[in-house]
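Accompanying notes for the structure given below.
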Amino acid sequence: MIEEKKVVWTMIRLIAFDLDNTLAGLGEGICPENLERLKKIESKGVMIAVCSGKPVDYLCGFMRQAGLKDAVLVGENGAVIQFGVGLPPDRFYILPYSEAAKESLAFIKNKISGLFPHIWFQPNLTGVTPFPENAEEFEGISGFLEKHKQEFTDVGVYRHIDSFDIVPKGIDKKKGLEYLVELTGILPEETVAVGDGVNDYPMFEFAGYSVGINLKDTTKADSNFGTVTEALDHLLSLLQQ
């Protein structure tokens with residue numbers, strides 16, 4: 001089902017896409033047809049950003065393979081920003097966050113490691129992202145975080161289908177986009193945000209226009225599409241107006 005609302009602005013200069021289950025399925029690449037759509041968007045002078053919970057190192061390899069060389073990478077739910085896919089990057093930023101949050105994150109990682117010694121952690125520069133291997137580990141981590149949530153007031157938690165993103169309080173995809181537009185001079189009303197889940201809602205709030213992909217709560221975005229292909233076609237039609 002496609003739900004659209006009227007779009008009112010004069011120009012699109014930046015489109016920020018979530019990655020997993022938005023641009024591509026979990027662990028998959030962007031399909032060739034949609035990659036061509038992205039290249040058409042980029043050819044119109046629109047900056048493309050990938051805003052994900054994944055670290056920028058992961059996003060860098062992903063987007064280099066995709067051939068979008070001018071992409072901006074916004075990793076770790078807005079905490080880390082990299083311009084381009086070259087190494088060393090053209091520009092690289094880590095958003096500031098409190099010493100208290102750093103201590104809490106280190107404590108949480110240590111405790112989860114103690115509970116599940118073989119668990120794999122995403123190689124983040126800021127937050128903590130454990131990947132449980134089974135339901136017991138999922139519930140163990142969830143129970144630990146719930147039990148101590150009054151102590152961890154300086155971090156936030158996103159639970160995903162395969163992992164937990166435990167991030168510094170005050171840093172999210174909205175904050176990452178705010179920082180990005182400050183760096184580029186792009187206005188908030190000239191931005192579009194595209195995503196599928198709760199960690200995308202903050203950037204929906206910030207962007208001039210928001211596009212959901214199979215959102216459960218369709219009120220969170222200005223438009224909602226069943227597939228990213230439909231969403232990309234919609235954005236291309238707006239760019240042709």
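Start at 1 with the first residue, then count along the sequence.
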Handout entry: Salt-bridge contact K54-D20 (side-chain N to carboxylate O under 4.0 Å)
Key =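 D20 and K54: salt-bridged.
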
Handout entry: Note: E42-K39 ion pair, threshold 4.0 Å (strictly below)
Key =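 Result for this pair is no, no salt bridge flagged.
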
Exercise for the section: Report yes or no: is the cationic atom of K174 (NZ for Lys, CZ for Arg) closer than 6.0 Å to the six-membered ring centre of F206, at no more than 45° off its axis? Expected result: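 Judged by the rule (NZ or CZ under 6.0 Å from the ring centre, within 45° of its axis), K174 is not positioned above F206.
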
Exercise for the section: Kindly indicate whether a cation-pi arrangement holds for K111 with F144, taking the cut-offs as under 6.0 Å to the six-membered ring centre and within 45° of the axis. Expected result: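 Checked: cation-pi criterion not met.
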
Backbone N or O of [Y] within a donor-acceptor pair of the [X] side chain at under 3.5 Å?
X: E76; Y: L125; result: yes
X: Q122; Y: G53; result: yes
X: N224; Y: L215; result: yes
X: D200; Y: G197; result: yes
X: S142; Y: F138; result: no
X: N214; Y: G226; result: yes
X: E28; Y: I30; result: no
X: K173; Y: C51; result: yes
X: S210; Y: D222; result: yes

Looking at every non-hydrogen atom in both residues, tell me the closest pair between [X] and [Y] and how far apart they are.
X: L180; Y: I81; value: N-CD1, 4.2 Å
X: I171; Y: G78; value: CG2-C, 4.0 Å
X: P132; Y: F164; value: CG-CE1, 3.9 Å

If you define the side chain from C-beta out and look only at heavy atoms, does anything of [X] sit under 4.5 Å from [Y]?
X: E190; Y: L14; value: no
X: P130; Y: I166; value: yes
X: V181; Y: L187; value: no

Problem - Check: D154/S104 side-chain N/O donor and acceptor closer than 3.5 Å - result: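 A pair is found: one side chain offers a donor N or O, the other an acceptor, under 3.5 Å apart.
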
Problem - Polar contact flag, side-chain donor to acceptor under 3.5 angstrom, N124-T126 - result: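 Per modelled atom types, N124 and T126 side chains form no pair under 3.5 Å.
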
